[in-house]
Amino acid sequence: MAGVGLRYWVIVWASSPFLSDSAAHTLATIGAMGPPCYSLLAWVGPEGNRMMRWKVRGRIPTITEQAILDEAFRALTNRGITQPCFIYTVDQPDLNATVIGHTPYLHRDLYASPHLVAVIAHEMGHYHSSDGRLALALHRLTIPGGWLVVSFTMRLIGLIGSLLNPIVRLLSALSYIVLRIEVTVPARLSQFIQRIILWMFIALVGGIGIIATVPLWRSYIHQRELAADRHAAQHGFACSLTLFLRQAQLDEMNLPWNEVSFHPPVEERLAALQPYLPHP
């Protein structure tokens, strides 16, 4: 709601000199309510994978990658896991995967892993639940290019601060020489002002709601990752997934505006898979 109110006020302020009052308020209403409504469409509307595919830089699998996927899904189909309509490859050199909306994204190096089928079985646990739609809805809360706007603004503020710093020092020295008054700008005040500006821009582009509810998402993502592990284990991939988790960590459910992984510790995931492992 803070982002909606701030966007409404900014759009009205910026468009009033050029538009009539009714047109400015109409435009502000569309701009303010657009991201939340667009986010809600992730639950009931079409997938809209083109925008997200561009955002994560997904591409169509090569002929070799598609052959590997076809072989993997033959094994999965035999165990009751259906193949999604779209799968894209992300050119990132790590063993990772994600589901956003109704679309899985597999990182390039994962195709060479002997545990590819187990990882896909884990991702299908997200795919056949609301996890992918929730991830897409959270991404849609931010206006397109919002992160770039905030990043550019803060870099600009930092550049302006570095350019003004010598001038402030010169004026401070002159005031002391002429008036014998020592004028200093506390560093904490400067940092506080920059932080206020940062939060205003984050609210403006729609990121403050996600950041403010991080404690809730941490618990939810923790449980959903364990549920996806169980999905793979229940379909017979507990051994392969266990071996995979000993060498890699799936980080597919990270939140926008947050680089910290909320995944359960590997030890906890391995312990949760123990009941599904064959015993002599």
Side-chain angles (χ1 to χ4, degrees), residues 42-43 47 52 56 68-88 90 92 94-107 109-139 210 213-256 258 260-280:
W43 293 90
E47 178 185 0
M52 188 52 60
V56 301
I68 295 173
L69 284 176
D70 292 340
E71 182 67 24
F73 273 101
R74 275 193 286 271
L76 292 168
T77 302
N78 291 336
R79 302 196 182 193
I81 299 178
T82 58
Q83 184 172 354
C85 297
F86 302 98
I87 297 179
Y88 294 115
V90 179
Q92 295 290 337
D94 52 31
L95 301 174
N96 212 345
T98 185
V99 174
I100 304 178
H102 301 285
T103 306
Y105 296 88
L106 305 181
H107 287 203
D109 287 2
L110 193 59
Y111 288 93
S113 172
H115 309 296
L116 172 65
V117 180
V119 173
I120 295 178
H122 169 96
E123 295 304 323
M124 290 300 100
H126 292 303
Y127 178 83
H128 291 295
S129 68
S130 61
D131 295 346
R133 288 179 292 158
L134 174 62
L136 180 60
L138 292 174
H139 281 279
I210 300 172
T213 54
V214 159
L216 298 177
W217 297 122
R218 180 180 290 110
S219 175
Y220 174 81
I221 293 174
H222 187 104
Q223 296 302 321
R224 293 311 304 163
E225 288 306 316
L226 295 176
D229 287 345
R230 287 195 300 271
H231 180 269
Q234 289 167 356
H235 286 84
F237 298 102
C239 288
S240 184
L241 186 59
T242 296
L243 293 173
F244 178 83
L245 290 175
R246 291 185 183 276
Q247 60 178 315
Q249 171 77 312
L250 289 170
D251 292 330
E252 68 273 9
M253 282 289 287
N254 287 356
L255 294 177
N258 190 87
V260 178
S261 175
F262 296 153
H263 281 59
V266 174
E267 293 76 12
E268 181 178 354
R269 299 178 72 171
L270 293 176
L273 288 171
Q274 284 296 318
Y276 300 94
L277 294 176
H279 297 282

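No experiment lies behind these values; they were computed from the predicted model shown.
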At what distance, to the nearest 0.5 angstrom, does [atom1] of [X] lie from [atom2] of [Y]?
| X | Y | atom1 | atom2 | value |
| --- | --- | --- | --- | --- |
| I68 | S113 | CD1 | OG | 10.5 Å |
| T98 | Q92 | OG1 | CD | 12.0 Å |
| L116 | D109 | CG | CG | 12.0 Å |
| L69 | R74 | CG | CZ | 11.0 Å |
| H115 | R246 | NE2 | CZ | 11.0 Å |
| Q83 | Y127 | CD | OH | 9.5 Å |

Which atom of [X] lies closest to which atom of [Y], heavy atoms considered:
| X | Y | answer |
| --- | --- | --- |
| Y105 | V90 | CB-CG2, 3.9 Å |
| V117 | A75 | CG1-CB, 4.4 Å |
| R79 | G236 | NH1-O, 3.0 Å |
| A97 | V119 | CB-CG1, 4.2 Å |
| D229 | L273 | O-CD2, 3.8 Å |
| A232 | A118 | CB-O, 4.0 Å |

- Looking at I87, T82, N78, which hits side chain to side chain contact (heavy atoms under 4.5 Å, CB included) with F73? I87

- Between I100 and Y88, is a side-chain contact (heavy atoms from CB on, under 4.5 Å) present by the stated rule, with each step listed? CA-CA 11 Å; I100 304 178; Y88 294 115; over 6 Å; no

- Determine whether H222 and E268 make a side-chain contact, defined as any pair of heavy atoms from C-beta on separated by less than 4.5 Å. yes

- Item | Min side-chain heavy-atom separation Y276-L241 under 4.5 Å | no

- Please check if the side chain of H231 supplies one atom and the backbone of A121 the other of a donor-acceptor pair under 3.5 Å. yes

- Give a yes or no on whether the backbone of D131 and the side-chain of R224 come within a donor-acceptor separation of less than 3.5 Å. no

- Just checking, is any N or O donor in the side chain of D94 or H107 under 3.5 Å from an acceptor N or O on the other one? yes

- Message: Checking T242 against L270 for the side-chain contact (heavy atoms from CB on, under 4.5 Å) test, could you report, in this order, the C-alpha distance in whole Å, the side-chain angles of both residues, the deciding distance, and whether it holds?
- Response: CA-CA 6 Å; T242 296; L270 293 176; 3.7 Å; yes

- For the pair F237 and I120, evaluate side-chain contact (heavy atoms from CB on, under 4.5 Å) and give the outcome as yes or no after the intermediate values. CA-CA 10 Å; F237 298 102; I120 295 178; over 6 Å; no

